Each structure stands twice: as structure tokens, then as C-alpha cells.
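Heads up: the structure comes next, in C-alpha cells.
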Amino acid sequence: MKKVMLVFGTRPEAIKICPLVNELKTRKGIQTVVCVTAQHRQMLDQVLETFNVVPDYDLNIMKDRQTLFDITTAVLNSIKEVLEKEKPDVVLVHGDTSTTFVTALACFYLQLPVGHVEAGLRTYNIYSPYPEEFNREAVSIVSQYNFAPTPLSRQNLLNEGRKAENVYVTGNTVIDAMQHTVREDYTHPELDWVGDGKLIFITAHRRENLGEPMHCMFRAIRRVLDEHPECKAVYPIHMNPLVRQAAEEELGGCDQIHIIEPIEVFDCHNFEARSFLCLTDSGGIQEECPSYGVPVLVMRDTTERPEGVDAGTLKLVGTDEETIYRTFKLLLECEEEYNKMSHACNPYGDGYACERIADILEGKEYSPWIPG
Ligand code: UD1
Ligand code: UDP
């Protein structure tokens with residue numbers, strides 16, 4: 001019996017790793033141990049509940065307005081004991097958060113094998129996204145199993161000298177999570193409010209965008225909304241108080257925008273699927289919206305998910321107010337431009353990533369995901 005420990009701490013890690021927890025639990029050859037750092041508290045618990053995952057360990061590290069130093073030291077100090085007690089055969093981490101990096105570091109210190117889910121995403125700009133690019137590059141150095149979501153992410157790892165036999169193309173587990181969420185008959189009071197209007201879906205939280213860039217993003221959105229009364233924006237806001245303050249200052253009092261508390265992932269996918277357009281700096285949303293044919297304006301200077309840009313569904317608009325204003329407005333006013341971006345495609349997976357990862361961990365044959 002192989003003991004697999006999964007460690008995660010934030011909302012997006014949970015959304016992408018809980019389906020894997022549930023898949024691993026069905027495997028006879030695997031004993032599953034779940035440890036959450038709770039780098040996010042409320043936003044993590046919301047996802048655990050949705051997927052019915054009850055952690056074996058909860059490090060409960062979140063602090064209000066935590067710094068990178070806070071997260072790093074809290075996870076490093078508290079995970080050691082859990083790893084030493086459980087002595088897992090492999091520790092799975094996901095993506096690029098501080099929880100992910102620090103857990104991989106702790107495994108390295110204890111010489112425990114690491115499996116990296118969503119490996120090989122890159123911008124090659126260490127400050128964008130910050131600190132995620134550093135985190136994921138560092139995790140790749142110590143990982144024995146690299147579960148790359150796409151052929152491009154595999155190629156990045158090979159270019160960096162990772163051994164081909166340790167890199168597997170599995171598809172992204174978020175596509176697995178999306179298989180059963182969107183429903184034709186889905187209703188929600190916020191969608192009733194939008195009615196026949198155009199739903200504009202907004203999220204924002206990136207550390208490097210806090211401060212002036214975020215103010216610019218919000219100002220651009222507000223200017224376009226003021227000119228387009230047919231648009232109704234829904235913005236489930238991140239719990240970071242700095243994000244909330246900027247949103248209140250720039251978007252407060254605007255009747256065309258509803259700023260609401262974080263919604264369950266089930267609701268989030270249904271909102272995305274019904275949107276006319278999405279404006280975000282989120283990573284996960286760049287992977288989800290292309291499946292629904294919903295254009296995404298990515299309010300960042302770089303993306304580690306160029307597959308969606310190549311497919312035409314994502315456009316990088318940075319955080320400059322004028323650029324976001326002009327691009328957003330153009331998509332509302334020019335049908336041809338909108339149609340160019342609005343077509344469903346699935347460059348990130350086929351819904352079988354968790355099965356593939358579980359097969360690999362059990363030592364079974366696996367067939368890589370091949371897009372298209
Ligand atoms: C973290 C990750 C980022 C990921 C994002 C997903 C790092 C360094 N950053 O960024 O990669 O894209 O999560 O959302 O790992 N808060 C709450 N309740 C919650 C969650 C957050 O109150 O459930 C507040 C707290 O005040 C917390 C702050 O938000 O201190 C920031 O959380 P933190 O995890 O440090 O950064 P994120 O921006 O969420
Ligand atoms: N999401 C959610 N509720 C919300 C906003 C987002 O469930 O109110 C989901 C979304 O569908 C995606 C993930 O959270 O799967 C993205 O998380 P986030 O933007 O916090 O982090 P990132 O992906 O940028 O790391």
C-alpha cells in the first residue's frame with residue numbers, strides 16, 4: 001500500500017486537488033492522507049465542503065493581511081511534525097502558492113518524494129506573477145513526479161533539464177472538476193438581476209496588482225459600465241482586505257455592479273458559463289472560461305497559460321487603465337471582434353487528469369493527454 005499525502009491551503013489548490021483526493025480514495029493500492037495548511041480559511045472551507053473532503057490535519061495558519069514571511073514560516077514550522085509522523089511515500093502539492101513551495105521545501109529537507117500537480121507553467125519572469133513564478137520553478141527542482149497539464153508545460157520542464165520519464169501530461173484537474181458543475185436549469189438571484197442584460201464577470205486578487213494597478217483596472221471597468229447600461233457586472237470579491245478597500249473606493253455606489261461574497265465553485269462555473277465577458281487576473285478562470293466560449297480579458301502583464309491566448313479566447317490586457325478601457329469597450333461595440341474571441345475550446349484537459357495521476361501513482365500504464 002502506497003501512502004500518498006496531499007497538502008494544500010488556498011481556494012484554487014483545493015478546487016483542483018479535491019477531485020484528485022476523491023479519485024485516490026477509490027484506489028485499493030493507495031492510502032490517502034489530507035493535510036490543509038489553511039493559508040486561506042473561509043475560502044478553503046467553502047471548497048472542502050463542496051467536495052466533501054475532511055482533512056486529517058489542519059494547520060490553520062491564516063492571519064489577517066499575512067505577509068509572505070508569515071505564510072512561509074508558519075507552514076514550514078508546522079508541517080515538519082506532520083510529515084515526520086506520517087512518513088508518506090509521496091507528497092502531492094499543487095501549482096504555485098506559498099503553501100505549495102514551502103511544503104515542497106519541507107519535503108526536500110526531510111528527503112521525501114514530491115509529486116507536483118499542475119507542473120511546468122511558466123512566464124519566466126520571476127516577479128510576474130509574484131511570488132508564484134518563483135514558487136513553481138522551485139518546486140520543479142525537488143519534484144520526482146511532474147504532472148504537467150499540457151504538452152507545452154511538459155516541454156518547459158524538459159527544456160529546464162527535467163528527465164522525460166518523470167514528466168507526465170495529464171490535462172488539468174480543473175477540467176475534471178468542471179465536468180458536473182454547469183447545468184442548463186441553473187438559477188441564481190444575481191442572474192435574475194442581470195436578466196436580459198450582458199453579464200460581465202469580474203475577479204481580481206493578484207499580489208503584484210495590489211495598489212495602483214488594481215485601482216486602474218477598476219477605474220477602467222467603471223468607465224465602460226457607465227457608457228454601457230446594458231451591462232450588469234457581478235464581482236465575487238476575494239477576502240483580502242486590500243482588494244476590498246480598492247474595490248469599494250473605485251466601484252462603490254455603481255448600480256450596474258454587484259460586489260458579492262465569494263461564491264461556491266459550482267456557482268462560479270455557472271456564472272462563468274452565462275457570462276458575456278470575463279475580466280480577471282485569476283489563473284484558474286483563464287482555464288475555465290475557454291470551455292464555455294467566454295472571452296477573457298486577462299488583467300496582467302504575463303500569463304503562464306498561453307494555450308488560451310493562442311486559441312483566441314484569452315487576451316492579455318495588462319493593468320493600464322486606457323488599454324483595459326479600450327479593449328473592453330471594443331468587445332461590446334464590435335461584434336466581429338467579440339466573435340473572434342468567443343468560441344468554445346478546451347486547451348487545458350479532457351476531464352481525466354485525476355484518473356491519469358492516480359494510475360501513475362499506482363504504477364499502472366497511462367496514456368498522456370493529447371489535445372485536439
Ligand atoms: C493566494 C496565493 C495565490 C493564489 C491566491 C488564490 C500565495 C503567496 N498566494 O493569494 O497564488 O492565486 O491565493 O486566491 O500563496 N483572506 C481571508 N480569508 C480567506 C482567504 C484570504 O480573510 O479565506 C484574507 C486574509 O486577510 C489574508 C489575505 O486575504 O491574509 C491574503 O491571503 P493570501 O493567501 O496571503 O494571498 P492571496 O492573495 O489570497
Ligand atoms: N472561484 C470560486 N468562487 C469565487 C471566485 C472564484 O469558486 O467567488 C473559483 C474559480 O472558478 C476558479 C478558482 O476559484 O476555479 C480561481 O481561484 P483564484 O482566482 O482565487 O486563484 P488563482 O486561480 O488565480 O490562483
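Since we're looking at a predicted model, the values are computed, not measured. Whatever order the structure lists them in is the order used to number ligands and atoms, beginning at 1.
Under the side chain to side chain donor-acceptor pair (under 3.5 Å) criterion, Thr319 pairs with no residue, sequence neighbours left out. With sequence neighbours excluded, no residue forms a side chain to side chain donor-acceptor pair (under 3.5 Å) with Ser282.
For ligand 2, none of its N or O atoms has an N or O atom of Thr203 under 3.5 Å away. Remark: ligand 2 and His238 share no N or O pair separated by less than 3.5 Å (distance only, no angle test). For Pro12, no nitrogen or oxygen atom sits less than 3.5 Å from a nitrogen or oxygen atom of ligand 2, counting backbone and side chain alike. At least one N or O atom of His205 sits closer than 3.5 Å to an N or O atom of ligand 2. Residue Gly284 has at least one N or O atom closer than 3.5 Å to an N or O atom of ligand 2.
Of the protein's heavy atoms, Ser282 OG, 3.6 Å lies nearest to atom 16 (C) of ligand 2.
For ligand 2, the atoms lying closer than 4.0 Å to a non-hydrogen atom of Gly283 are 22 (P), 23 (O), 24 (O). For ligand 2, the atoms sitting less than 4.0 Å from at least one non-hydrogen atom of Ile15 are 7 (O), 9 (C), 13 (C), 14 (O), 15 (O), numbered in the order shown with element in parentheses. Close approach of ligand 2 to Glu272 (heavy-atom distance below 4.0 Å) involves ligand atoms 11 (O). Counting atoms of ligand 2 from 1 in the listed order, those under 4.0 Å from a heavy atom of Pro236 are 8 (O). Within ligand 2, counting atoms from 1 as listed, the ones closer than 4.0 Å to a heavy atom of Glu288 are 10 (C), 11 (O), 12 (C), 15 (O). Within ligand 2, the atoms closer than 4.0 Å to a non-hydrogen atom of Ile263 are 2 (C), 3 (N), 4 (C), 7 (O), 8 (O), numbered from 1 in the order shown. Counting atoms of ligand 2 from 1 in the listed order, those under 4.0 Å from a heavy atom of His269 are 11 (O).
Ion pair Arg41/Asp58 flagged as a salt bridge, since at least one NZ, NE, NH1 or NH2 atom sits closer than 4.0 Å to an Asp/Glu carboxylate oxygen. Between Arg356 and Asp176 there is no salt bridge, since no side-chain nitrogen of the basic residue lies less than 4.0 Å from a carboxylate oxygen of the acidic one.
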Donor-acceptor pairs are to be reported for all side-chain atoms of residues 186-195 against protein atoms at under 3.5 Å, with residues two or more places apart or in another chain.
| from | atom 1 | to | atom 2 | distance (Å) |
| --- | --- | --- | --- | --- |
| Tyr186 | OH | Asp267 | OD1 | 2.5 |
| His188 | ND1 | Glu190 | N | 3.0 |
| Glu190 | OE1 | His258 | ND1 | 2.6 |

Check each N or O atom of ligand 1 against all protein N or O atoms and list the pairs under 3.5 Å, with atom names and distances to 0.1 Å, one per line.
| from | atom 1 | to | atom 2 | distance (Å) |
| --- | --- | --- | --- | --- |
| ligand 1 | 11 (O) | Glu132 | OE2 | 2.4 |
| ligand 1 | 12 (O) | Arg206 | NH2 | 3.0 |
| ligand 1 | 13 (O) | His40 | NE2 | 3.2 |
| ligand 1 | 14 (O) | His238 | NE2 | 3.2 |
| ligand 1 | 15 (O) | Gln39 | NE2 | 2.8 |
| ligand 1 | 15 (O) | Ser98 | N | 2.8 |
| ligand 1 | 18 (N) | Gln42 | OE1 | 2.7 |
| ligand 1 | 23 (O) | Arg41 | N | 3.2 |
| ligand 1 | 23 (O) | Gln42 | N | 3.1 |
| ligand 1 | 23 (O) | Gln42 | OE1 | 3.1 |
| ligand 1 | 23 (O) | Met43 | N | 2.9 |
| ligand 1 | 26 (O) | Asp64 | OD1 | 3.0 |
| ligand 1 | 26 (O) | Arg65 | N | 3.0 |
| ligand 1 | 30 (O) | Lys63 | O | 2.8 |
| ligand 1 | 30 (O) | Arg65 | N | 3.0 |
| ligand 1 | 30 (O) | Gln66 | N | 2.9 |
| ligand 1 | 34 (O) | Gln39 | NE2 | 2.9 |
| ligand 1 | 34 (O) | His40 | NE2 | 3.2 |
| ligand 1 | 34 (O) | Gln66 | NE2 | 3.2 |
| ligand 1 | 35 (O) | Gln66 | NE2 | 3.0 |
| ligand 1 | 35 (O) | Arg207 | NH1 | 3.4 |
| ligand 1 | 35 (O) | Arg207 | NH2 | 3.4 |
| ligand 1 | 36 (O) | Arg207 | NH1 | 3.2 |
| ligand 1 | 39 (O) | His40 | NE2 | 2.6 |
| ligand 1 | 39 (O) | His238 | NE2 | 2.9 |

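With contacts defined as side-chain heavy-atom distances shorter than 4.5 Å, the pair Val33/Lys3 qualifies.
What you find for Ala148 and Val167 is that their closest heavy atoms are CB-CG1, 4.3 Å.
Between the CD1 atom of Ile357 and the CD atom of Glu355 there is a distance of 11.0 Å, given to the nearest 0.5 Å.
Between the side chains of Ser153 and Asn156, not a single donor N or O lies within less than 3.5 Å of an accepting N or O.
Residue contacts with ligand 2 include Arg206, since one of its heavy atoms falls under 4.0 Å from the ligand.
When ring centroids are compared, Tyr235 and Phe218 come within the 6.0 Å threshold.
Around atom OH of Tyr130, no more than 12 heavy atoms belonging to other residues, nucleotides or ligands sit under 6.0 Å away.
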